[in-house]
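Worth saying up front: this structure is predicted, and the values here are computed from it rather than measured. The figures that follow rest on heavy atoms only: side chains count, while hydrogens, waters and symmetry mates do not.
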Amino acid sequence: MIRMTVSERLLERMKEADQDPKRIVAFGSSNTALTWGSNGMHNWVSWFGINIRETIGRHIAIVNQGINGDTTEHLIQRMERDVLSLSPKICMITIGANDAARRFEPQQYKNNMVHICERMRDHHIIPVIQTYYYPLYESGPNGFKQLFEDFMELNREIGREMDIPIIDQYRYFERLYVQDQTVYSHIMRDWIHLNPIGQALMGEIASRAFGLPSLRIPDSMRETFDNMLLHMRVADD
């Protein structure tokens, strides 16, 4: 489901404590990092960050700690520097594509994810796991699809077992892909990265998961964005 049980109570408390600064960290790889590849456009973290600050309050800081090429091993190595040292209230974890590309074993991936989430909880940080969007597998390496889908299912499994909120981006993007693969390619920059429209869709889904209002999409993107969102059937959940 797109609803997160933790969000309403937590965000209401954050809104009330407007004199008490809070941080939310986005932790991941190129799916999260804001780089020159964005061509000066927002990525999902930026969309979500603007929405939460406008809706909840300017005392909430969104910190983007995405680094291109990272795996779960890299997240473990830099977690102290890039997450724990910041003492955020929430950390949104989006990872797995590079683990699949490097042929990590599913159990290795799960162990790493569990370790990341446990360490965050030890530091009173609420971990939120996101699955990815749907890659254009036909243009990717052999064997990638099965591993990647296994990892996304492991994310859901970890969420259930550890009672961790899940934003299941994959299920919504997969619906759009199934509707029309040609249309779906119009939200991708390449086989594994979203373009600005895709990033806005991801930001919309993350926002709804936190009980935030819809994004204020510019007119130049609105028609395409609304059409894609309709086929994702986000409003049905």
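- For CD of E161, the number of neighbouring non-hydrogen atoms (other residues, nucleotides, ligands) closer than 6.0 Å is greater than 12.
- A donor-acceptor pair is defined here as one N or O able to donate and one able to accept, closer than 3.5 Å; no such pair exists between the side chain of Q199 and the backbone of H42.
- Of the charged side-chain nitrogens involved, none lies within less than 4.0 Å of a carboxylate oxygen, so that R216 and E54 do not count as a salt-bridged pair.
- Between the side chain of Q65 and the backbone N or O of D82, at least one donor-acceptor pair lies under 3.5 Å.
- For R102, the salt bridge (charged side-chain N to carboxylate O under 4.0 Å, His left out) criterion is met by no residue, not counting sequence neighbours.
- Between the side chains of Y177 and Q181, at least one donor-acceptor pair of N or O atoms lies under 3.5 Å.
- One N or O on the side chain of N195 and one on the backbone of H186 form a donor-acceptor pair closer than 3.5 Å.
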Which pairs of donor and acceptor atoms, one on a side chain in residues 141-148, lie under 3.5 Å apart (sequence neighbours left out)?
| residue | atom | partner | partner atom | Å |
| --- | --- | --- | --- | --- |
| K145 | NZ | E149 | OE1 | 3.2 |
| K145 | NZ | E149 | OE2 | 3.2 |
| Q146 | NE2 | D150 | OD1 | 2.8 |

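- Each of F225, W47, F48, W44 was compared with E204 under the side chain to side chain contact (heavy atoms under 4.5 Å, CB included) criterion, and only F225 meets it.
- V114 and I116 fall within the same hydrophobic cluster, defined by Ile, Leu, Val, Met, Phe, Trp and Tyr side-chain heavy atoms under 4.5 Å apart, directly or through other members.
- By the neighbour-count criterion of 12 heavy atoms within 6.0 Å, atom CD of E157 is densely surrounded, having more than that number from other residues, nucleotides or ligands.
- Listed for the R233 side chain is no donor-acceptor partner under 3.5 Å among the backbone atoms of L230.
- Residues Y170 and Y134 place their aromatic rings such that the two centres sit under 6.0 Å apart.
- A distance-only check finds a donor-acceptor pair linking the side chain of N111 to the backbone of Q107 [under 3.5 Å].
- With R23 contributing its side chain and L86 its backbone, the two residues share a donor-acceptor pair below 3.5 Å.
- In terms of the salt bridge (charged side-chain N to carboxylate O under 4.0 Å, His left out) criterion, residue partners of D70 (sequence neighbours excluded) are, by chain and number, R78.
- Using cut-offs of 30° and 60° for the angle between ring planes, the Y184 and F173 rings count as perpendicular.
- For the pair R160 and E153, the salt-bridge criterion is met [side-chain N within less than 4.0 Å of a carboxylate O].
- Side-chain contact of T72 with D99: a donor-acceptor pair under 3.5 Å is present, judged by distance alone.
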